[in-house]
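In what follows, a single structure is set out as structure tokens and then discussed.
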There are 2 protein chains.
Amino acid sequence: MTKVMSFNPHDHEACTASALEKADAYCQKHALKFTPVRRQVLEILCSDHKALGAYEILKRLGPLGFKSQPPVVYRALEFLVAHRFVHKIEKLNAYVACMHHDTSHVPAFLICRNCETVAEAPNKEPSDLVAQIAKTNAFTVEKTVYEAEGLCVNCKEDMADDAR
Amino acid sequence: MTKVMSFNPHDHEACTASALEKADAYCQKHALKFTPVRRQVLEILCSDHKALGAYEILKRLGPLGFKSQPPVVYRALEFLVAHRFVHKIEKLNAYVACMHHDTSHVPAFLICRNCETVAEAPNKEPSDLVAQIAKTNAFTVEKTVYEAEGLCVNCKEDMADDAR
DNA sequence: TTGTGTTATGTTATAATATAACATAAATGA
DNA sequence: TCATTTATGTTATATTATAACATAACACAA
Ligand SMILES: [Zn+2]
Ligand SMILES: [Zn+2]
Ligand SMILES: [Zn+2]
Ligand SMILES: [Zn+2]
């Protein structure tokens, strides 16, 4: 089982560079506009393996010459989350850069309630890899959130009815 | 695999009665104060297998003769969540009554994004029972949130240092 | 190149969620 | 009874997020 970077010393410059490169390449390939704000927000989120709230990001955008109204950051986050460059940590109402964008994965996180460092478990299945990752990283899991959102039978049927 | 009640016709009076009874008994046993507000909030959450926001609950408390300032409901929810009579659905910033309070379990939910009905998967392990439950209930999982919160090695060490 | 539709930003205002802080009351237990 | 803790009452405010509408930039066909 691999050790995650977030909780261990590592070449963090490389993290950032790689995340931005991957985003650049992906946007290029899919004709998405990786505009300055979007890029800058991702860069801010890459600056550390911590989850940042929207307003914290906004605060950091100001000095960089960007406008500081909430919609600015929320729109950028919407884009970044939609294309999976960033994940939202629901428990914290905060956002974190994805470190495995090239790999298809079900996001699952180890969140330190003390330092707010977030490690993304590199798992392909929505399974118990998290428990293993936690173990090999000496991370003590205290509380987990696993929420599956989707569509129930009833609503699916209702929608089918409506379509008729 | 069992069908969950939330998405299927069932004797819902029994759901409510059972949840309230369990809470009564548990509080009795552990010398917890199951005060009127706390009981009423649980009752409101039991009225349907839907997640309700704090302010929606607050709205319903008013006509019942309770005070309607936010802290009233947040305090009641804090109590109910702490003792696991209620779970918070982080994705929705909403709350749902627990249907398995007597069973030790890792909460995991199937949340319909259309009708906001929430079904709690009755799983003992934080595992893929959810996927199975979803299957036998014809629930289409579109998005999952699995977040493990705890303490990382570094913080644990820091705390050990501080204690010295 | 001009027009036209589309996507992205700018801007103001406000909604929705949650907590801080301090006061009072009720219950608990020497 | 008095002291202590626990629960409520109350006001104010913090934090997170979105609605709504205006403008700009961009894409691309006529
Ligand atoms: Zn790094
Ligand atoms: Zn930590
Ligand atoms: Zn029921
Ligand atoms: Zn539904």
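Because the structure is predicted, anything quoted here is derived from the model rather than measured. To find a chain, count down the sequence lines: A is the first, B the second, and so on, and within it residues start at 1.
- Ring pair A/H49/A/H12 is perpendicular by interplanar angle, where above 60° counts as perpendicular and below 30° as parallel.
- You'll find the ring centres of B/H30 and B/H83 outside the 6.0 Å limit.
- In this structure, CG of B/L77 is placed 15 Å from P of D/dA7, rounded to the nearest angstrom.
- Heavy-atom neighbours of A/R84 CZ from other residues, nucleotides or ligands within 6.0 Å: at or below the threshold of 12.
- You'll find that the side chain of B/P70 is closest to C/dT19, out of D/dG9, C/dA8, C/dT19.
- Note: NZ (B/K88) to P (C/dT17) measures 10 Å, nearest angstrom.
- If you take NZ of B/K67 and C1' of D/dT11, they are 14 Å apart, rounded to a whole angstrom.
- Following rounding to the nearest Å, B/L58 (CG) and C/dA16 (C1') show an atom-to-atom distance of 12 Å.
- The interatomic distance linking B/L61 (CG) with D/dG9 (P) rounds to 11 Å, in whole Å.
- For B/Y74, counting side-chain heavy atoms from C-beta on, the closest listed nucleotide (C/dT12, D/dT8, C/dT17) is C/dT17.
- Within 4.0 Å (heavy atoms only), B/F79 reaches no atom of the nucleic acid at all.
- Using the six-membered ring where Trp is involved, B/F85 and B/F34 have ring planes that are tilted, between 30° and 60° apart.
- As a whole-Å value, the separation of A/L92 CG from C/dT19 P is 12 Å.
- Residue-level contact check: A/F66 touches neither bases nor backbone, having no heavy atom under 4.0 Å from any strand.
- Put simply, CG on A/N93 is 11 Å from P on C/dT17, counting in whole angstrom units.
- The side chain of A/V72 lies closest to C/dT11 when the candidates are C/dA18, D/dG9, C/dT11.
- With values rounded to the nearest 0.5 angstrom, B/L52 atom CG is found 11.5 Å from B/Y95 atom OH.
- Between A/T35 and B/P71, the residue anchored nearer the 5' end of DNA chain C, judged by the nucleotide with its closest heavy atom, is A/T35.
- With hydrogens and angles ignored, a donor-acceptor pair closer than 3.5 Å exists between the side chain of B/Y55 and the base of C/dA18.
- Distance NZ (A/K91) to P (C/dT17): 18 Å, rounded to an integer number of Å.
- The listed nucleotides are D/dT6, D/dA27, C/dT9; the one nearest the side chain of B/K33 is D/dT6.
- A/R75 has no side-chain polar atom (N or O) that falls below the 4.0 Å cut-off from OP1 or OP2 of C/dT7.
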